[in-house]
Visitor: 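Mind looking over this structure? Questions follow.
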Protein chains: 4
Amino acid sequence: MPLVAEAVRRMSPGRISPPLVLVNFKCYLEATGARAVQLARYAEQTSKKFGVVVAVAPQATDLRLVSQQTKVPVFAQHVDPIGPGSHTGHVLAESVLEAGASGILVNHSERRLEASSIEEVVSRGKNLGLTTVVCANTSGVAAAVSSLDPDMIAVEPPELIGTGVAVSEAKPEIITDTVSRIRRVNSAVTILCGAGITSGGDVREALRLGTQGVLVASGVVKAKDQAAAIADLAGACLQ
Amino acid sequence: MPLVAEAVRRMSPGRISPPLVLVNFKCYLEATGARAVQLARYAEQTSKKFGVVVAVAPQATDLRLVSQQTKVPVFAQHVDPIGPGSHTGHVLAESVLEAGASGILVNHSERRLEASSIEEVVSRGKNLGLTTVVCANTSGVAAAVSSLDPDMIAVEPPELIGTGVAVSEAKPEIITDTVSRIRRVNSAVTILCGAGITSGGDVREALRLGTQGVLVASGVVKAKDQAAAIADLAGACLQ
Amino acid sequence: MPLVAEAVRRMSPGRISPPLVLVNFKCYLEATGARAVQLARYAEQTSKKFGVVVAVAPQATDLRLVSQQTKVPVFAQHVDPIGPGSHTGHVLAESVLEAGASGILVNHSERRLEASSIEEVVSRGKNLGLTTVVCANTSGVAAAVSSLDPDMIAVEPPELIGTGVAVSEAKPEIITDTVSRIRRVNSAVTILCGAGITSGGDVREALRLGTQGVLVASGVVKAKDQAAAIADLAGACLQ
Amino acid sequence: MPLVAEAVRRMSPGRISPPLVLVNFKCYLEATGARAVQLARYAEQTSKKFGVVVAVAPQATDLRLVSQQTKVPVFAQHVDPIGPGSHTGHVLAESVLEAGASGILVNHSERRLEASSIEEVVSRGKNLGLTTVVCANTSGVAAAVSSLDPDMIAVEPPELIGTGVAVSEAKPEIITDTVSRIRRVNSAVTILCGAGITSGGDVREALRLGTQGVLVASGVVKAKDQAAAIADLAGACLQ
């Protein structure tokens, strides 16, 4: 399947090496359809300018469109723990791959999975060559999913999501504690800091606390100047 | 939004008038990506040949692709009871519309919704001009969802799904009883017969029992000759 | 099974005839264990005093205790759509009956069920002789569940639950519209008014608008004087 | 609260020390109501005879009855990730404790929880002094939940549940691999072997492979002679 090769190319080691900024488009209209493409183009331009990976996670309906019209790594926001078959209304890893995605984001606080489903989705994703990012709302859950060996873990305390208050500022000990608990179980997984990230300062603090990148949503999507917001975050990864 | 106009055009009264054949692609690889387009083309050709509406329900990831490359009415297989916003990993009616869908299928036996969610999705879909099809597994549920006033109800006894045994053959009284119970509540809704439909004979029987079309999946998608299978079903609508 | 006879006795026609007050204990500590029994005793005393049925819905863990120590009709707060068997962690209708319950409450806004599950639970409950009460958050859902033929429907707009603002006061048209939509489908079902009921005045208004009783929770459970709160509501049913 | 003291007494170190046999009553009628008490009495008698802990997990509706009429440790089959409050139809840890339970079983394959919910339930349970047992369907999930620090982990490959084929026989490497993966993360947690356990031989094999007890359901509940079945399992723990 040439699509696998394409996905591999998008996520080749050179490109996905941390630090990285992953932008979750959620179901925001400001990041739907043509506006999803526009936002991904900002990510692409910023990525080129700073040499930092800026990946995007559009809605399932926009995965192919964004993949075809930009060169940024594209992540699905959710995948179901199923294989091909009779699963009306579900999201299949194979279909996400064929639509051009190179990764999947699962277990976000807005779309949590059973523990056994996280394992199955990570396993299926890896078998297909997809980069797997598992969200965790606490240090305990982060340590737990470390045993499932995803490529990345994104720590998102739900009480800070969408608040504009960065977890790295409000509760730095959550990050350091989480990094520490993850490392006891898994030394290789990439750790992203999420929830409330809005500025380059938040990113610098997140990296200083031991993470390798950030997961951000409203801080970019809802920004008056989306391009400037991405540039601010990506630029901070270099310092 | 020009997309609304496009959707209206696709579903203009002349085109969607029953009888119709709605093909559910589920998560079958035989109906994913490029193969989803191919199958939708068969539907398009058959539709033109017989003057019968043949609509398709691809996966969310394929909605835009199929919409752009064919002229058949395209349905989403599932939509979540949400509006635009912070809903990572969900399917938004607005996004489905923007991807080119003209309708939505909800509450399939493989993706059931809470009663209150069915109402919300139907309401949101109608407000956007999307044709709404609600699946029901029994005559009681069919009567219940009739009160929620969707455009269509598809009756799918789960024990027959994927068996190749048509409900119209195995349990004709389910269909007549369901039609009767629906009509006591709602005289306008279009009724589709689902589960086990594989042949033109099944379609004729379903229409004879008082329905206005069929919902079919494996009978077409898994057929050795998909084009012939669609033609068989669509042709039977004329007799 | 003598337990069935006991349940029938508790809910004999003379006792359950409307108007009635149904008190939902939720997971409030003020209505757990020994305090559940105390609250049920208040219901029993009030019931005797006014000749009005006051029923209670304790947690599953307290069903037997309350049933054994009082004579009020006892309802489960939830039952799963299952029969006896391998269903670890679920609530079985047969077990609820054997614990002494004479009815079941399902589809509360805090514990919603899929449409098909509501039908199955109502059907199973009725086969066991349990009185079935289905909650509905809107007039549309109320009309829908009317087709499933439960014994009672409780209308609970979720935006008013726990607010202390009675739906009968805040949105009387919700009640009259709901009664009207239910009656078009089902002339026999008993209709309860829920959400925000705290005073006898609320009850009188609810009955005046066409309902046959009320479903109440925090208005009684969280009252400083639970006995007085129940008496206020039950007394109002007589006027 | 004297109930806490009672729970502590039931689970005092001397009593709960492994090996142990935990019997899951599921929703079997053979283990409901009066028959739940009878089965718990067999557990009690066997426990006394062999000096091996035999604990039981009845349905929520039977927790108090079994706790009051026997002296065996009683576990809830499921608890929801909630605190006291407006949670109609849910199972509250505090209520389970007040009903006499000394432990909780969660995340069974028939009642799986989201990863974040497992953490919350384990945390709430431990704060109340309840013994926490988390089920895991694979070695990966077992390793993951080890990070959440429950008191016990029960390994139950779903493909063997209810088959009468013991996991220790059919797939001994699942057990040894699971023990090994758990121990890398957590050296203290008690490990139970579940699924398909029906005979003393199965128990001996499970203990030999590194577990400290068994979780059993149909092997006891559906046995022609329940008392003999328990005795067979408990006796094998001694050898």
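For clarity, every value in this text was computed on a predicted model and none was experimentally measured. We name chains A, B, ... by the order of the sequence lines, and we start the count at 1 in each one.
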Visitor: When you compare the side chain of A/Leu92 with that of B/Thr61, does any pair of heavy atoms fall below 4.5 Å?
Guide: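 No. Closest side-chain heavy atoms not under 4.5 Å.
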
Visitor: Sub-3.5 Å donor-acceptor pair from the side chain of A/Arg64 to the main-chain atoms of B/Arg64, do we have one?
Guide: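 Judged by distance alone, no pair lies under 3.5 Å.
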
Visitor: Please report the interatomic distance NE2(B/His87) to NE2(A/His108), rounded to the nearest 0.5 Å.
Guide: 11.5 Å

Visitor: Which pair of heavy atoms, one from B/His78 and one from A/Gly89, lies closest together, and at what distance?
Guide: CB-CA, 3.6 Å

Visitor: Between CD1 of B/Ile82 and CD of A/Glu110, what distance do you get to the nearest 0.5 Å?
Guide: 9.5 Å

Visitor: Can you find a pair of side-chain heavy atoms, one from A/Glu98 and one from B/Thr32, that are under 4.5 Å apart?
Guide: yes

Visitor: Quick check: does any side chain N or O of B/Arg111 sit under 3.5 Å from a backbone N or O of A/Thr88, one acting as donor and the other as acceptor?
Guide: no

Visitor: Quick check for you: among B/Ser95, B/Ala31, B/Ala57, B/Gly33, which has the greatest number of heavy-atom pairs under 4.5 Å with chain A?
Guide: B/Ser95

Visitor: Which region of A/Ala60, side chain (C-beta onward) or backbone (N, CA, C, O), has a non-hydrogen atom less than 4.5 Å from a non-hydrogen atom of chain B, or is it both or neither?
Guide: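 Contact with chain B involves both backbone and side-chain atoms of A/Ala60.
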
Visitor: Rounded to the nearest 0.5 Å, what separation is found between the NE2 atom of B/His90 and the SG atom of A/Cys27?
Guide: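 One gets 7.5 Å once the value is rounded to the nearest 0.5 Å.
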
Visitor: Of the listed residues (A/Val96, A/Asp62, A/Val91), which shares the most heavy-atom pairs with chain B below a 4.5 Å separation?
Guide: A/Asp62

Visitor: Does any backbone or side-chain atom of B/Asp80 lie under 4.5 Å from a heavy atom of chain A? Answer side chain, backbone, both or neither.
Guide: neither

